[in-house]
Amino acid sequence: MLEPDEVSAILRLNELGWGSKRIARELGISRNTVKEYIAAGGWTPYRQPQRKKALEGQESWLKERLRQHRGNADVIRQELAAEKGIVVCLRTVERAVQRYRQELAAEARATVRFETAPGKQLQIDFGERLVEIGGAKVRVYLFVATLGYSRRHHVRAFRNERQENWFDGLESAFMKFGGVPEEVLFDNARALVVEHDAITRTVVFNDKLSAFAKHWGFRPRACAPYRARTKGKTENGVGYVKRNAIAGRAFPSWDALEAHLEAWTREVADLRQHGTTGEPPIERFRRAEAQALKPIVGRPPFQAAREVIRRVQADCAVEIDGNAYSVPWRLIGEMVRVMIADGLVRIHHGIHEVAVHPICAGRRRRVVDPEHFAGLTGFRSNRAAALAGSSVAPHSPALLRPLGEYEAIVGGGF
DNA sequence: CAAGGTAAAGTCCGATTGAC
DNA sequence: GTCAATCGGACTTTACCTTG
């Protein structure tokens, strides 16, 4: 590649009538080169090698995946191979996405700097902690919901991290705040995630949560595990509760713990001068967030579509919300799936629906289908046989109710 | 065509960071 | 604290271009 002034020298000499051979000799370059530049009529910039870029045309795809995978280039490399059949080394992907990193980092900073809009987001976290209750160390699962704008907390204590407790906690938060936010951000939501792909880092919520979210009208979001905990969050809700409300305290009973959490939220957490907002959460909530939440007036609780697993008790029934619902007596001791929806309690054993009852509103009631006791006439003879020392059927029911009650039921039903 | 130049791709390695 | 994942700098190889 010649410099522009060398090329202009060629052209000048050519204009003077010099032959290409002479010019080449004079300038110490090849005749081919002289002829080429004369033909071209001047200096041409060096034509870049037309080497194909391995990731040519993938710019927007890369950008999107980079965002999706929170900056993990190796994941993108794997997806490139799997989805597009483009096999390149990690470094190549690194270089390709590098320019997008800055953009994403700037966005991340921006989302930290700019506060969440009122009513926009509720952040949920479950944390466990040993708490002294009644003199014993008890494992307590703390459910903490924090409104993004006002930073107002709602705290509940549970004995486990089961799905129904997530729902219970959320519903109680909606009740307390008097509304539903646009989205709910789940941190560490093991009980609610069906699929958590470690490679692609995608999260699939289970159907139940989807239904719950639809029922209440919020959008569920999983907090990405990638560095989300440390970046941007100045205060972790559960950590704050653990340090400030629980640490160093002992409680005489579970009820006392719950009462304390409630009072602490009201008298301490709601009133504190928040480090970032510089305002007590309760004031900020009343000023702007309360009216920004979607009202819940007239919405029934989600239990309209609940599902629980129960073991059939020895009295031929399963207990749901303090009431007992009968099932066929042969299922005593078996695990059954109970679906509570549309005013009905539907009980499944395996794939078979074995009982349907209307939901009982009260407490300590028994809802009985006499059919479930059909065949119990053999019960007395079994029992008599057992008493006589003969073999007993494996599922021979050990009924807790007085025999007379069953007889009355069976007699009344037939 | 061979030699040499350029830019992209690939390789290696140390530093950093998060999980434990 | 260790360990592993990840990133980016420095270097090497490869692909494509120009020149002699």
Without decimals, in angstroms, what is the distance between Glu94(A) CD and dC12(B) P?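 Value for this atom pair: 17 Å.
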
Whether Glu319(A) and Arg310(A) form a salt bridge (side-chain N of Lys/Arg under 4.0 Å from carboxylate O of Asp/Glu) is what I want to check.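 Result for this pair is no, no salt bridge flagged.
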
Member of Leu11(A), Ile23(A), Asn14(A) meeting the side chain to side chain contact (heavy atoms under 4.5 Å, CB included) criterion with Val34(A):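 When Leu11(A), Ile23(A), Asn14(A) are each tested with Val34(A), the side chain to side chain contact (heavy atoms under 4.5 Å, CB included) holds only for Ile23(A).
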
Between Val34(A) and Leu90(A), which is nearer to the 5' end of DNA chain C once each is assigned its nearest nucleotide?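 Closer to the 5' end of DNA chain C: Leu90(A).
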
Please tell me which of Asp74(A) and Arg91(A) maps to the more 5' nucleotide of DNA chain C, matching each residue to the nucleotide holding its nearest heavy atom.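 In this pair, the answer is Asp74(A).
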
For a quick check of understanding: with a heavy-atom distance under 4.0 Å over all strands, which category does Ala24(A) fall into, base, sugar-phosphate or nothing?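 Here Ala24(A) touches no strand at all.
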
Is there a donor on the side chain of Arg95(A) or the base of dG9(C) sitting less than 3.5 Å from an acceptor on the other? no

Ignoring hydrogens and angles, tell me if any N or O in the side chain of Lys242(A) forms a donor-acceptor pair with the backbone of Gly127(A) under 3.5 Å. no

